[in-house]
Protein chains: 2
Amino acid sequence: MTRTGRRPGDSSVTKAEILDAARLTFAEMGYESATLRRIAATAGVDVALIAHYFGNKESLFVAAHDLPINPSDIAGVLDGVSEGEVGEMITRFSLAMLAADDSPAISLMRAASTNSSAAAMLREFIDRTLIDPIAEMLDVADGRERAALVASHLLGVLFARHIVGVRELATASIDELVDAIGPTIQRYLTEPAWSASAN
Amino acid sequence: MTRTGRRPGDSSVTKAEILDAARLTFAEMGYESATLRRIAATAGVDVALIAHYFGNKESLFVAAHDLPINPSDIAGVLDGVSEGEVGEMITRFSLAMLAADDSPAISLMRAASTNSSAAAMLREFIDRTLIDPIAEMLDVADGRERAALVASHLLGVLFARHIVGVRELATASIDELVDAIGPTIQRYLTEPAWSASAN
DNA sequence: CCCATAATTCATCGCATGTTGAATTATAGC
DNA sequence: GCTATAATTCAACATGCGATGAATTATGGG
């Protein structure tokens with residue numbers, strides 16, 4: 001029975017535990033349904049400690065989604081891959097890396113649906129993590145439009161598979177999905193221009 | 001200043017107005033953020049009237065999403081379209097019909113992110129409105145898997161365009177998007193088998 | 001060994017929510 | 001025209017929320 005006052009023993013990993021609990025809880029239930037009390041309970045901590053460290057709920061959310069995937073991850077994945085395999089690689093990366101249970105991507109998708117500042121965060125995340133590096137790699141005039149189409153499909157697969165639970169996608173293995181979707185992504189990237197694409 | 005008691009005048013369109021307000025509000029803000037009081041205010045009605053008609057919030061949500069798109073809509077769209085134009089037609093249908101501001105599809109997507117019974121409703125909606133009719137039309141062994149891939153991409157475009165607001169997709173016209181995405185959808189539908197697809 | 005400071009909990013506040021029950025007024029069938 | 005019933009609002013509730021301020025205990029630098 002922990003009582004009041006500072007805990008004995010080692011240093012403070014507590015802050016990181018709160019962030020982990022926040023990521024997990026936000027990813028499971030979305031922004032408004034994830035209560036500070038529940039996050040605190042998951043972290044084994046009083047709710048006031050969260051306020052002490054992070055001020056308010058929104059700041060906690062931002063802090064929990066700040067670091068964990070750095071935008072150069074995908075650039076690293078793409079580096080040294082032959083041009084014909086890029087679609088497959090991006091697809092595999094998205095299905096594996098972005099879809100872990102406490103992944104900030106899924107968490108952001110959940111939160112973005114009901115919270116406009118989370119939507120802004122997800123928008124920026126998509127830009128930095130997917131569209132920017134892909135467009136830079138492509139280095140063609142309509143690169144950002146192509147990358148946005150890629151992102152939309154990958155988002156849709158994550159959404160259908162992990163949030164909605166569409167059976168045909170939820171039960172498929174990553175390899176099967178990569179086989180099915182990779183070539184489509186590849187075409188969006190390297191197929192000759194399909195029409196006059198505006199903006 | 002409307003006071004207590006039954007309103008004078010005509011019959012009761014009030015119930016339908018509540019449903020409209022509910023659809024609109026749920027679509028704008030998601031399940032938990034849409035409060036009964038706000039829905040009531042939008043409908044110009046006291047909150048207790050909602051309880052009187054629909055019992056509780058969840059029943060209201062279900063009622064608001066029950067009828068409004070019937071699953072034969074897409075079948076009608078597909079009927080009499082040449083096989084090569086099906087992808088374009090489905091894409092256009094999704095971008096136009098499913099994405100209106102008070103569309104139950106967007107509303108369900110928002111709610112599904114944070115509410116598991118809404119996710120179940122969306123799952124069923126996708127099955128009935130997209131996967132079932134498409135698979136039936138295709139009439140091939142892996143028809144449901146193909147249809148699920150189609151649905152995932154279309155969902156992703158709606159999500160990126162209307163919920164996240166990815167710029168490249170949000171600013172594009174429907175025609176431009178149909179030009180870009182239609183051929184991809186078409187390939188998912190009619191391209192020869194890509195590999196051994198399981199389940 | 002002190003003492004400033006950090007880490008932590010407790011108690012509580014104000015507020016918004018979903019829900020309930022009673023009161024009031026109009027409609028419609030007899 | 002009376003009366004049962006439907007439509008509607010008002011008032012209030014219990015609950016759970018995010019937030020705040022004070023209290024308590026350990027740590028670590030001088």
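Below, read A as the first sequence line, B as the second, and so on, with proteins coming before strands; counting in each chain starts at 1.
Using modelled atom types, one finds no donor on one side chain facing an acceptor on the other under 3.5 Å when comparing B:His153 with B:Thr184.
Between the CD1 atom of A:Ile39 and the P atom of D:dG18 there is a distance of 8 Å, rounded to whole Å. Taking atom CZ on A:Arg38 and atom P on D:dC17, their separation rounds to 10 Å, with Å as the unit. D:dT9 atom P lies 10 Å from atom CD1 of B:Ile50, rounded to whole Å. Atom P of nucleotide C:dT20 and atom NZ of B:Lys57 are separated by 15 Å, given to the nearest angstrom. Distance NZ (B:Lys15) to C1' (D:dT8): 14 Å, rounded to an integer number of Å. Per the geometry, CD belonging to B:Glu32 stands 12 Å off P belonging to D:dC17, to the nearest Å. Residue A:Leu60 contributes atom CG, which lies 15 Å from atom P of D:dC17 at whole-angstrom precision. Whole-Å rounding puts the B:Tyr31 OH to C:dT17 C1' distance at 12 Å.
The A:Thr35 side chain lies nearest to D:dC17 when the options are D:dT9, D:dC17, C:dT19. Here the nucleotide nearest the side chain of A:Asn56, chosen from D:dT8, D:dA19, C:dT19, is D:dA19. Residue A:Ala51 places its side chain closer to D:dT20 than to any other of C:dC10, C:dA7, D:dT20.
In this model, the phosphate group of C:dT8 is approached by a side-chain N or O of A:Tyr53 to a distance below 4.0 Å at OP1 or OP2. In terms of phosphate contacts, B:Thr14 brings a side-chain nitrogen or oxygen within less than 4.0 Å of OP1 or OP2 of D:dT8. The side chain of A:Thr4 contributes no N or O atom lying less than 4.0 Å from OP1 or OP2 of D:dT25.
Using a 4.0 Å heavy-atom distance criterion, B:Val45 is classed as a sugar-phosphate-only contact.
Closest approach of A:Val86 to A:Val81, counting heavy atoms only: N-CG1, 4.1 Å.
Below 30°, between 30° and 60°, or above 60°: for B:Phe26 and B:Tyr31 the angle between ring planes is below 30°, a parallel geometry.
Although no hydrogens or angles enter the test, the distance criterion places a donor-acceptor pair under 3.5 Å between the side chain of A:Arg110 and the main chain of B:Ser113. Under a 3.5 Å cut-off, the side chain of B:Arg146 and the backbone N or O of B:Glu191 do form a donor-acceptor pair.
Between the side chain of A:Arg37 and the base of D:dG16 there is no donor-acceptor pair of N/O atoms closer than 3.5 Å.
Nearest-nucleotide mapping onto DNA chain D: of A:Ala48 and A:Leu36, the residue sitting toward the 5' end is A:Leu36.
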